[in-house]
Protein chains: 12
Amino acid sequence: MSDHVYKSVELTGSSETSIEEAVQNALTKASESIQNMQWFQVTETRGHIVDGAVGHWQVSLKVGFTLE
Amino acid sequence: MSDHVYKSVELTGSSETSIEEAVQNALTKASESIQNMQWFQVTETRGHIVDGAVGHWQVSLKVGFTLE
Amino acid sequence: MSDHVYKSVELTGSSETSIEEAVQNALTKASESIQNMQWFQVTETRGHIVDGAVGHWQVSLKVGFTLE
Amino acid sequence: MSDHVYKSVELTGSSETSIEEAVQNALTKASESIQNMQWFQVTETRGHIVDGAVGHWQVSLKVGFTLE
Amino acid sequence: MSDHVYKSVELTGSSETSIEEAVQNALTKASESIQNMQWFQVTETRGHIVDGAVGHWQVSLKVGFTLE
Amino acid sequence: MSDHVYKSVELTGSSETSIEEAVQNALTKASESIQNMQWFQVTETRGHIVDGAVGHWQVSLKVGFTLE
Amino acid sequence: MSDHVYKSVELTGSSETSIEEAVQNALTKASESIQNMQWFQVTETRGHIVDGAVGHWQVSLKVGFTLE
Amino acid sequence: MSDHVYKSVELTGSSETSIEEAVQNALTKASESIQNMQWFQVTETRGHIVDGAVGHWQVSLKVGFTLE
Amino acid sequence: MSDHVYKSVELTGSSETSIEEAVQNALTKASESIQNMQWFQVTETRGHIVDGAVGHWQVSLKVGFTLE
Amino acid sequence: MSDHVYKSVELTGSSETSIEEAVQNALTKASESIQNMQWFQVTETRGHIVDGAVGHWQVSLKVGFTLE
Amino acid sequence: MSDHVYKSVELTGSSETSIEEAVQNALTKASESIQNMQWFQVTETRGHIVDGAVGHWQVSLKVGFTLE
Amino acid sequence: MSDHVYKSVELTGSSETSIEEAVQNALTKASESIQNMQWFQVTETRGHIVDGAVGHWQVSLKVGFTLE
């Protein structure tokens, strides 16, 4: 692992249900264009409010992947 | 949207079950006295421990609403 | 409560399912050697990615306990 | 000044023109309900983008006022 | 305690004598209008200087209280 | 809006005139290659000094756009 | 001093009287089990409120000691 | 440029008009006593409020200059 | 006040007794060479430990003064 | 320089030898696909431990380059 | 790896020569009492000055290890 | 040591070779005008890139010295 170089990008995924699903939705979308994703780190957890309830969660994350 | 002014307040909600429910509990209580809540941002996730297990979650959040 | 002294340690728990379970797994392991755990604070939420999906969550937390 | 107590609130003002006008718009709205505002501190400068240009600025600020 | 919702506000108290008295002065003033204050956290310690000496301390704090 | 995924990139624009123009210059350049830019957040405001005056402003910003 | 290795732990002490006494109470308790304590750094100053007054101060600190 | 040593100092300038002018006012004053100023970074943007409007802006900045 | 320029410097004072005295000791020493000191902000509170007790407090502060 | 727009990306390089080599390894890899790299800033220094010794260093950095 | 629980401790190592050696010295000392150390993160780089030169480096790091 | 007052200044040194040498170069230059330097803390590590390689390191540090 010691001779790899990683790049990280910042994404925001959303979900009406949970923080976990918002993260997974971001990864699913990103995997269409990014190969070799290795790890993520949650950087911000926000959301929109509709009629006094959580409308959807918006979770930002850094995603690291190997530069081939 | 460009001519609105927002105010944000800081709340802490709790739940025995999940981070998501703690946020929703804070919003439900706040909606009794605050109109036009638009967004929230989680600022801290804590909890109390009872007998080596999570007793309840305590989640702090900023909540933004339109100043009428 | 005013004459207690607390110590806090930093742990990282993991789970394939949720942030909440990762925290509970850390507490369950820590309770084997630490008595009187009182509170925790989440300090970082990360995870590993396997085939474009969350492989497991890794949640770091400070845990405070009473020094007897 | 040494025997005053201040309270601070967090506001977000917006403007299509400038950061300065967004701050002033927040203060103008707040002065309808808050007396004795003394100082402010900018905490965040954001904006919305429309067709590749700044649509409007959104500037968040803490505003301090004397508690009578 | 798990079903309470808390709100926190930010205050600044001052004292010519000590940090502790500046905090207490803020709490005394706030208790005229806020019920059920539970905890505080010091967020900033500043002061004014008069003739090369501390003229008065200005201590900012978050104060949390139960939303009834 | 709840099913979108956003990516954010970090840019630095410059201007001899104002912070606002430096931000707009960064957006104008970025819009040549990035579609669907939605929001920005200023992360740093710096500048170069020439003969004791502001030579030009350098403003860094995160820009978020929808991942199609 | 250049060939020592230090470890630091995080403690929270409390006092009904002052920030200084809360720190000293934490050190007194810690000195029962830790040898060679060299320095501390205050990381957080909080407190509990009883009837609108400071009930007790809770001061968190890092304490560094020599690893023998 | 690689063999220079820089020193940076922290200044606060003010202006009734704009953030940019407050920065320039600080630089103009500093250039009376500091040679070879190269760059600045804005560290805080505050202001005083008079009758519900911005009375003047107070902008703090780090200024770097070459040590001859 | 709007046409002044301020400079701030960082000092560390110490005291065997209290945080307040450590700040005052720093101001007393600084006033020998700095005129027109206006305000201070505490940036760090540390101390040395002797035989399990606070040997002395070391408090760092920014001190702002008017540039004449 | 005042009319350039810069983009910055975040990379992580590794080395069994030194922090400096880990940074250079990241730049060497990135220069295969990025033109006109101008500056970098170290954002995190980590490493893996093998048998009680540093196995390799992992250094994260922001790299800025001119947008042509 | 997903079912491990990690604990992290904070250490400070020193060296007259380099940052890298100061980290290794901390790990060498810690490995006498801690098993299964996996990773570290540098949290602070300081040093003492003797006669205008670096006397020794003092590097603080978090070290993570598996809780068996 | 308890009755000393320290002042700290912020410097940036550079080197084509290493972080350590950049720090030493800053101290060597500063020692021409500052007496009694006691300690330093690295606050930022940056560098310039020339042809895809580190051109030189630029390391910023706070340097503390005794006020006589």
Give, for atom [atom1] of [X] and atom [atom2] of [Y], the distance between the pair rounded to the nearest 0.5 Å.
| X | Y | atom1 | atom2 | value |
| --- | --- | --- | --- | --- |
| G:Ile34 | C:Lys7 | CD1 | NZ | 5.5 Å |
| G:Ser60 | C:Tyr6 | OG | OH | 10.5 Å |
| G:His56 | C:His4 | NE2 | NE2 | 9.5 Å |

Fill in the blank from the handout: Residues G:Asn25 and C:Val5: closest non-hydrogen pair is O-CG2, 3.7 Å
